[in-house]
Protein chains: 2
Amino acid sequence: MAKKVKNSRPKVVIVLAKRIKQIIIGQQLVQKNVAHDAGIDVENLRKYIKGTQEMKIGMLLRISKSLGVTMSELLRDIEKDIE
Amino acid sequence: MAKKVKNSRPKVVIVLAKRIKQIIIGQQLVQKNVAHDAGIDVENLRKYIKGTQEMKIGMLLRISKSLGVTMSELLRDIEKDIE
DNA sequence: AAATAATCGGTTGTATATAACCGATTATTT
DNA sequence: AAATAATCGGTTATATACAACCGATTATTT
């Protein structure tokens, strides 16, 4: 049995991913453009959107900017969504 | 000539470090305790405080919690300090 | 229906985070 | 002044981020 339960991202990563996705959908952004604006490959952005890849602070800044929101806005009250 | 100019952390890392330090000083927190609460070695916390080490989102959450602030508060308007 | 774009889960290789630890130095407490 | 704690810049080893890319599948556009 392939026991590849490797989906153990911190919950904050998962919730952040959902928020990024909501912004993209809500503002009808195009992922390819968001990725380009953030200076990353769209396939890699997708991993952040799906929550399968955690990011560092520098990347959070790049992505939040390309989404047109501040990091603070992106993370507002996220602690409530995590517990 | 030892040309080790390796201090090229993203500016956001540097500014975040200053903010963490300000909170610790302002609230007269003890680094050793902050580190313990965050579940990290105090020497490693120091690197975040000095801005010599970038962190991932999960670590940001741990440290912000041990500082007694939310990530959103910690990052408020940080874009203005970076530019 | 065919063409095109988006999505998905994956890969490799390099850079970097993280945990744990260290000795020397500086700062604070006794 | 001596003892103790904090700071600093460093280390090693392992885990993981990131860039770049991929083929197959799904979704959308033509």
Side-chain angles (χ1 to χ4, degrees), chain A residues 1-67 71 74-75, chain B residues 1-67 71 74-75:
Chain A
M1 293 292 103
K3 212 170 150 103
K4 297 194 178 175
V5 187
K6 297 196 64 170
N7 203 10
S8 60
R9 298 299 174 206
K11 187 66 185 295
V12 66
V13 174
I14 311 292
V15 177
L16 176 59
K18 287 178 182 158
R19 290 177 170 220
I20 294 175
K21 186 168 183 180
Q22 281 168 2
I23 292 174
I24 290 177
I25 294 176
Q27 298 188 22
Q28 293 175 319
L29 302 175
V30 180
Q31 286 183 15
K32 186 160 55 170
N33 294 337
V34 173
H36 177 265
D37 293 343
I40 65 174
D41 187 277
V42 66
E43 297 305 337
N44 295 326
L45 175 66
R46 286 202 176 104
K47 292 182 173 66
Y48 296 125
I49 295 174
K50 285 191 67 67
T52 56
Q53 176 64 64
E54 188 173 356
M55 69 181 77
K56 300 188 302 194
I57 301 299
M59 182 59 77
L60 178 68
L61 178 65
R62 289 159 66 181
I63 293 179
S64 63
K65 282 193 168 183
S66 70
L67 292 174
M71 291 192 282
L74 191 54
L75 296 171
Chain B
M1 291 292 103
K3 211 169 151 108
K4 296 192 177 176
V5 188
K6 298 195 65 169
N7 205 11
S8 60
R9 298 300 175 205
K11 187 68 186 291
V12 65
V13 174
I14 311 291
V15 177
L16 176 59
K18 287 176 181 160
R19 290 179 170 219
I20 294 175
K21 184 168 184 178
Q22 281 168 3
I23 291 174
I24 290 178
I25 294 175
Q27 297 186 22
Q28 294 174 320
L29 302 175
V30 180
Q31 287 183 16
K32 185 158 60 170
N33 293 337
V34 174
H36 178 265
D37 293 343
I40 64 174
D41 186 275
V42 66
E43 298 305 339
N44 294 327
L45 174 65
R46 287 203 173 102
K47 293 185 174 65
Y48 296 126
I49 295 175
K50 286 191 65 67
T52 56
Q53 176 64 60
E54 187 172 357
M55 69 183 75
K56 302 189 299 192
I57 300 299
M59 182 61 75
L60 178 68
L61 178 65
R62 288 160 66 181
I63 292 179
S64 63
K65 280 193 168 182
S66 68
L67 292 174
M71 292 193 283
L74 191 53
L75 296 171

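In what follows, every chain begins at residue 1, and chains take the letters A, B, ... in the order their sequences are listed.
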Reported [atom1]-to-[atom2] distance for the pair [X] and [Y], which is rounded to 0.5 angstrom:
| X | Y | atom1 | atom2 | answer |
| --- | --- | --- | --- | --- |
| Asn33(A) | Gln31(A) | CG | CD | 10.5 Å |
| Leu67(A) | Gln27(A) | CG | CD | 7.5 Å |
| Leu74(B) | Leu60(B) | CG | CG | 6.0 Å |
| Leu45(A) | Lys50(A) | CG | NZ | 12.5 Å |
| Tyr48(A) | Glu54(A) | OH | CD | 9.5 Å |

DNA chain D base-pair string [pairs: Watson-Crick or G-U under 3.5 Å; |: paired with another strand]: ||||||||||||||||||||||||||||||
Set of residues satisfying side chain to side chain contact (heavy atoms under 4.5 Å, CB included) with respect to Ala38(B), sequence neighbours excluded: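 Partners of Ala38(B) by the side chain to side chain contact (heavy atoms under 4.5 Å, CB included) criterion, ordered by chain and then number, come out as Ile40(B), Arg62(B), Ile63(B), Ser66(B).
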Close side-chain approach of Val13(A) and Gln53(A), heavy atoms under 4.5 Å: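 Not touching, per the 4.5 Å side-chain cut-off.
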Ile20(B) side chain near Ile24(B) side chain, heavy-atom distance below 4.5 Å: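 Side-chain contact under 4.5 Å: yes.
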What is the distance, rounded to the nearest whole Å, between atom [atom1] of [X] and atom [atom2] of [N]?
| X | N | atom1 | atom2 | result |
| --- | --- | --- | --- | --- |
| Met55(A) | dA15(D) | CE | P | 23 Å |
| Ile49(B) | dA17(C) | CD1 | C1' | 17 Å |
| Leu29(B) | dT7(D) | CG | P | 12 Å |
| Gln28(B) | dA6(D) | CD | P | 15 Å |
| Lys32(A) | dA5(C) | NZ | P | 6 Å |
| Ile57(A) | dC18(D) | CD1 | P | 10 Å |
| Ile63(A) | dA19(D) | CD1 | C1' | 13 Å |

Side chain to side chain donor-acceptor pair (under 3.5 Å) partners of Glu43(A), counting only residues at least two apart: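 Counting only residues at least two positions away or on another chain, Glu43(A) forms a side chain to side chain donor-acceptor pair (under 3.5 Å) with Arg46(A).
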Are [X] and [N] close enough that a side-chain N or O sits under 4.0 Å from OP1 or OP2?
| X | N | answer |
| --- | --- | --- |
| Lys50(A) | dG9(C) | yes |
| Arg62(B) | dA17(C) | no |
| Lys56(A) | dT16(C) | no |
| Gln53(A) | dT16(D) | no |
| Arg9(A) | dA17(D) | yes |
| Gln31(A) | dA6(C) | no |
| Tyr48(A) | dC18(D) | yes |
| Arg46(A) | dC8(C) | no |

Residue mapping more 5' on DNA chain C - nearest nucleotide basis, Glu54(A) or Val30(A):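 Taking each residue's closest nucleotide, the earlier one in sequence belongs to Val30(A).
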Derivation and outcome, side chain to side chain contact (heavy atoms under 4.5 Å, CB included), residues Met71(A) and Val12(B): CA-CA 11 Å; Met71(A) 291 192 282; Val12(B) 65; 3.6 Å; yes
Candidate pair Leu16(B) and Met55(B), rule side chain to side chain contact (heavy atoms under 4.5 Å, CB included), full reasoning: CA-CA 10 Å; Leu16(B) 176 59; Met55(B) 69 183 75; 4.1 Å; yes
Candidate nucleotides dA19(D), dC21(C), dA6(C), ranked by approach to the side chain of Asn44(B) - the nearest: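 Given the options dA19(D), dC21(C), dA6(C), the side chain of Asn44(B) is closest to dC21(C).
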Earlier contact from the 5' end, DNA chain D, for Val42(B) and Gly39(A):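 That would be Val42(B).
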Within residues 15-25 of chain B: residues closer than 4.0 Å to DNA chain D (heavy atoms):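 The stretch gives none, as no residue of it lies under 4.0 Å from the strand.
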N/O donor-acceptor pair under 3.5 Å between Arg9(B) side chain and Ile14(B) backbone: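 Between the backbone of Ile14(B) and the side chain of Arg9(B) there is no qualifying donor-acceptor contact (under 3.5 Å).
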Footprint string (nucleotides 22-30 of chain C, 5' to 3'): B base within contact, S backbone only, - free, heavy atoms under 4.0 Å: B--------
All pairs passing salt bridge (Lys or Arg N to Asp or Glu O under 4.0 Å) where residues 14-42 of chain B contributes a residue, at least two apart: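 Counting only pairs at least two positions apart or across chains, the salt bridge (Lys or Arg N to Asp or Glu O under 4.0 Å) contacts touching residues 14-42 of chain B are Arg19(B)-Asp81(B).
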